[in-house]
Amino acid sequence: MADRRLAGWAEALRSAGIEPEDTRVEHASFTRDGRQQAMATLIERAGCTAVFASGEVQAIGALPHARSAGRRGPEDLSVVSFDGTELARHAVPRLTAVVQPLRRIAELAAAEVVRRIADPAAEPRSIEVPTSLEPGDSTAPPRG
C-alpha cells in the first residue's frame with residue numbers, strides 16, 4: 001500500500017512538471033518511533049517546507065515534532081496526510097488530508113468477494129477509487 005501511495009506522489013509531481021527526487025522521501029514504519037525518526041530526518045533538511053505523510057499516525061505527530069525543532073506549523077511546515085478518517089478531522093490542528101472513500105471501498109470489496117464466490121474461476125480485478133482533498137488547518141499557502 002505504501003508503495004502505491006509513493007507512486008501516486010511521484011505521478012502527481014510529474015503531472016505538475018516537477019521531477020520527484022529520492023532525497024525528498026523518508027521511509028518509515030507506521031509507528032510512533034518510525035514517524036519520529038522520519039520527521040527528524042526531514043525537518044533537518046534545509047528547505048523542507050511541507051510533508052506528505054502516508055498515514056495519519058505519522059502526520060499527527062509531525063507538527064509537534066517540528067515545533068520541538070523550532071519550526072512553526074503550518075507557517076514553516078505544512079503537513080498533509082493520507083486517509084482522511086476521523087483522526088484527521090479531530091487532530092489539532094485539523095489535518096489537510098487526501099480522503100479515501102472508505103464506505104465505497106468496502107462496498108466494492110464486498111461485491112468483489114461475492115462475484116468471486118459465485119464464479120471461482122473469475123479473474124481477480126483491480127478497482128481504482130478516486131480520492132479527494134479535504135483542506136484542513138495543517139497547511140499554509142506556498143511562500144514566494
Side-chain angles (χ1 to χ4, degrees), residues 1-116 119 122-144:
M1 180 182 348
D3 290 340
R4 295 183 86 181
R5 291 177 184 186
L6 181 59
W9 168 81
E11 183 181 322
L13 285 177
R14 285 188 185 102
S15 71
I18 302 167
E19 190 57 36
E21 300 172 26
D22 287 340
T23 59
R24 294 182 181 192
V25 176
E26 189 62 34
H27 296 276
S29 62
F30 284 81
T31 65
R32 183 174 188 249
D33 290 342
R35 173 192 73 223
Q36 288 178 337
Q37 181 58 47
M39 287 308 303
T41 302
L42 287 170
I43 289 169
E44 289 171 9
R45 289 188 183 140
C48 179
T49 60
V51 173
F52 179 78
S54 62
E56 290 169 347
V57 171
Q58 288 97 342
I60 287 170
L63 290 172
H65 191 79
R67 277 192 295 277
S68 71
R71 310 273 302 275
R72 298 169 303 148
E75 297 84 1
D76 298 327
L77 184 74
S78 290
V79 177
V80 178
S81 73
F82 195 92
D83 285 332
T85 67
E86 290 297 312
L87 282 174
R89 290 181 197 94
H90 295 291
V92 178
R94 188 172 53 88
L95 290 174
T96 295
V98 175
V99 179
Q100 298 185 86
L102 296 177
R103 175 179 224 104
R104 182 68 180 139
I105 291 169
E107 290 168 352
L108 291 168
E112 184 64 9
V113 167
V114 170
R115 182 182 80 85
R116 296 289 305 279
D119 183 5
E123 289 292 318
R125 24 180 217 183
S126 176
I127 302 170
E128 289 189 22
V129 180
T131 58
S132 61
L133 181 67
E134 187 173 296
D137 302 318
S138 64
T139 52
R143 288 180 263 151

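Every heavy atom of this structure was used, including side-chain atoms; hydrogens, water molecules and symmetry mates were not. This is a predicted model, so every value here is computed, not measured.
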**OP:** Quick one: closest heavy-atom pair of Arg115 and Arg125, and the distance?
**Re:** NH2-CG, 3.3 Å

**OP:** Can you sort out the partners of Ser78 under side-chain contact (heavy atoms from CB on, under 4.5 Å), two or more places apart, ordered by chain and number?
**Re:** Ala50, Pro74, Thr139, Ala140

**OP:** Nearest 0.5 Å please: distance from the CG atom of Asp83 over to the CD atom of Gln100.
**Re:** 5.0 Å

Original post:
If every non-hydrogen atom of Ile60 is compared with every non-hydrogen atom of Ala91, which pair is closest and at what distance?
Top reply: CG1-CB, 4.0 Å

Original post:
Taking only residues two or more places apart in sequence, or in another chain, which ones meet Glu86 in a side chain to side chain donor-acceptor pair (under 3.5 Å)?
Top reply: Arg89, His90

**OP:** State the CZ-CZ distance between Arg67 and Arg72, to the nearest 0.5 angstrom.
**Re:** 11.5 Å

Original post:
With sequence neighbours left out, what residues match Ala53 under side-chain contact (heavy atoms from CB on, under 4.5 Å)?
Top reply: Gln58, Ala59

**OP:** Ignoring hydrogens and angles, tell me if any N or O in the side chain of Arg116 forms a donor-acceptor pair with the backbone of Ala122 under 3.5 Å.
**Re:** yes

**OP:** Please round to the nearest 0.5 Å and tell me the distance separating atom CG of Leu95 and atom CG of Asp137.
**Re:** 9.5 Å

Subject >> Closest heavy-atom pair and its distance - Ala12, Ser15 >> reply: O-OG, 2.8 Å

**OP:** Can you measure from OG1 (Thr49) to CG (Leu77) and round to the nearest 0.5 angstrom?
**Re:** 7.5 Å

Original post:
In this structure, are over 12 heavy atoms from other groups packed under 6.0 Å from Glu11 atom CD?
Top reply: no

**OP:** Look at the side chain of Glu56 and the backbone N and O of Gly84, then say whether any donor-acceptor pair between them is shorter than 3.5 Å.
**Re:** yes

**OP:** Applying side-chain contact (heavy atoms from CB on, under 4.5 Å), run through Thr131 and Val99 and close with a yes or a no.
**Re:** CA-CA 5 Å; Thr131 58; Val99 179; over 6 Å; no

Subject >> Verdict with supporting geometry, Leu108 and Arg104, side-chain contact (heavy atoms from CB on, under 4.5 Å) >> reply: CA-CA 6 Å; Leu108 291 168; Arg104 182 68 180 139; 3.4 Å; yes

**OP:** Taking all non-hydrogen atoms of both residues into account, name the closest pair between Ser138 and Val79 and its distance.
**Re:** OG-O, 2.5 Å

**OP:** Check whether the side chains of Thr41 and Gln37 place a donor and an acceptor atom closer than 3.5 Å, and report yes or no.
**Re:** yes

Original post:
So which heavy atom on Arg94 is nearest to which on Pro135, and how close?
Top reply: NH1-O, 2.8 Å

